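Below, read A as the first sequence line, B as the second, and so on, with proteins coming before strands; counting in each chain starts at 1. Since this is a predicted model, take the numbers as computed values, not measurements. Keep in mind that the numbers below use all heavy atoms, side chains included, and drop hydrogens, waters and symmetry copies.
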2 protein chains.
Amino acid sequence: MEVTVADNQLIDFQKKLEIFFLGKEEHHEFCPVRDIMDRFSDKWSFLAILNLGYSGTTRFNVLKGKIEGISQRMLTVTLRSLERDGLITRKIYAEVPPRVEYELTLLGKGLLRQILELAGWASDSMEEIVKARMDYDSKLQ
Amino acid sequence: MEVTVADNQLIDFQKKLEIFFLGKEEHHEFCPVRDIMDRFSDKWSFLAILNLGYSGTTRFNVLKGKIEGISQRMLTVTLRSLERDGLITRKIYAEVPPRVEYELTLLGKGLLRQILELAGWASDSMEEIVKARMDYDSKLQ
DNA sequence: CCGTATCCAACAGGATACTG
DNA sequence: CAGTATCCTGTTGGATACGG
């Protein structure tokens, strides 16, 4: 028997799950987690945060260059939404041509931390997931 | 000066960020993280995983009852997609009426772990985010 | 340079009805 | 019970053009 670590982890899971699901009962009409998780249900937010974390203070067009495939419109929309949630700051310099710099707040860095964990897991699990997909698809002939 | 913990955390961040962004260069045409993160860009996947984590082996309609607001169609679609990625298993019992049970795989439990972290952060940060939103909205008069 | 405005296509996902 | 099939709507987000 050497499942102790895994067992401990499962117990830890169960505790957190219970905290989460029991807490849900109290403020049952408004689920904070669901609301916040919707932040991820868009295509670009987490990529913007990752890049801001990596590059630090960054200008609009630089960021646009780093996030492959994003349109100007969607970068604006995404950044506004992150700013509204207090995850990033937006500083405008009164120059010509104008310069605007974005930066993660402390709150944003907290989220960055979570995203990095998730990204790490994704990276580690990628191979297994791709294999599972191929297995699944092949069984449908 | 007592920023040591925060500093260490930032260094840790930077390391993980570098691993992530440098790794990206190598297999630059296919970003695993972006692919996996798309798993979250739907409305229901993470809720299904949370509930399966909480309830363990669960039948289709029980799960449907627990995930508030999900339609029969979307639960089917979501579960199929999770099954395809090897995150859950689907067991069919040849009974009348039929019984189908879903359960997290080991891989799925790994993802559950990440989701719980994220959900915990969301729960902890909710208040601050709501406040930031109100501030932002009020400043637009 | 950093946006906004407008238009439009694609797709996620809800409602409903039907089956093994 | 646990789906599938069909239809239909709202939203996301891309392309383009223009403005401060």
Side-chain angles (χ1 to χ4, degrees), chain A residues 31 34-49 51-52 55 57-85 88-103 136 139-141, chain B residues 31 34-49 51-52 55-85 88-103 136-137 139-141:
Chain A
C31 178
R34 236 163 119 160
D35 185 73
I36 301 296
M37 295 300 265
D38 282 346
R39 149 96 19 251
F40 293 92
S41 68
D42 72 280
K43 217 174 166 182
W44 305 110
S45 285
F46 83 95
L47 281 172
I49 290 177
N51 276 281
L52 282 173
S55 307
T57 306
T58 316
R59 297 182 62 166
F60 185 87
N61 271 336
V62 175
L63 207 51
K64 184 172 182 312
K66 303 208 177 207
I67 305 176
E68 195 178 305
I70 197 169
S71 65
Q72 194 174 32
R73 194 181 99 88
M74 285 320 295
L75 183 55
T76 304
V77 170
T78 303
L79 291 173
R80 285 289 184 284
S81 154
L82 293 174
E83 189 196 358
R84 177 169 182 266
D85 282 2
I88 65 173
T89 57
R90 178 169 177 263
K91 270 191 199 139
I92 309 147
Y93 296 86
E95 306 172 356
V96 180
R99 180 161 56 108
V100 181
E101 289 182 344
Y102 294 91
E103 190 177 10
Y136 184 91
K139 273 165 195 163
L140 304 172
Q141 85 267 19
Chain B
C31 178
R34 233 162 120 162
D35 185 74
I36 301 295
M37 295 299 266
D38 282 346
R39 150 92 22 252
F40 293 93
S41 67
D42 72 278
K43 216 173 165 182
W44 304 111
S45 284
F46 82 95
L47 281 172
I49 290 177
N51 276 280
L52 281 173
S55 307
T57 306
T58 316
R59 299 182 61 167
F60 184 88
N61 271 335
V62 175
L63 206 51
K64 184 171 182 313
K66 302 208 177 205
I67 305 176
E68 197 179 303
I70 197 169
S71 65
Q72 194 174 31
R73 193 181 99 89
M74 285 321 294
L75 183 55
T76 305
V77 169
T78 302
L79 291 173
R80 285 289 185 284
S81 153
L82 294 174
E83 189 196 358
R84 179 168 180 265
D85 281 1
I88 65 172
T89 56
R90 176 168 177 264
K91 271 191 198 140
I92 309 147
Y93 295 87
E95 305 172 357
V96 180
R99 180 161 58 108
V100 180
E101 289 182 344
Y102 294 90
E103 191 178 7
Y136 185 90
D137 291 346
K139 273 165 196 163
L140 303 172
Q141 88 267 12

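Checking Asn61(A) against Ser71(B), the closest nucleotide of DNA chain C that is more toward the 5' end is the one next to Asn61(A). In terms of position on DNA chain D, the residue among Ser41(A) and Gln72(A) whose nearest nucleotide sits closer to the 5' end is Ser41(A).
Judged by the 6.0 Å and 45° rule, Arg90(A) forms no cation-pi pair with Tyr102(A).
If you take CD of Glu101(B) and P of dA2(D), they are 9 Å apart, rounded to a whole angstrom. Atom pair Lys64(B):NZ and dC1(D):P shows a separation of 11 Å (rounding to whole Å applied).
Residue pairs meeting the side-chain hydrogen bond (donor to acceptor under 3.5 Å, both in side chains) criterion with at least one partner in residues 69-83 of chain A, sequence neighbours excluded, are Arg39(A)-Ser81(A).
Taking 4.0 Å as the cut-off between side-chain N and carboxylate O, Lys43(B) and Asp38(A) do not count as a salt-bridged pair.
A heavy atom lying under 4.0 Å from DNA chain D marks the following residues of residues 88-96 of chain B, by number: Arg90(B).
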List the atom pairs, donor and acceptor, that lie under 3.5 Å between side-chain atoms in residues 55-62 of chain B and the rest of the protein, sequence neighbours left out.
from	atom 1	to	atom 2	distance (Å)
Ser55(B)	OG	Asn51(B)	O	3.2
Ser55(B)	OG	Lys66(B)	NZ	3.3
Thr57(B)	OG1	Glu103(B)	OE2	3.4
Thr58(B)	OG1	Gly56(B)	O	2.6

Give every pair of a protein N or O atom and an N or O atom of nucleotides 6-8 of chain D that lie under 3.5 Å apart, one pair per line with the distance.
none

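First and last contacts of DNA chain C with chain B, using any nucleotide atom under 4.0 Å from a protein heavy atom and ordered 5' to 3', fall at dG13(C) to dG20(C).
In the helix from dC1(C)-dG20(D) to dG20(C)-dC1(D), the end axes, each obtained as the rotation axis mapping the C1' atoms of four pairs onto the next four within a five-pair block, lie 50° apart to the nearest 10 degrees.
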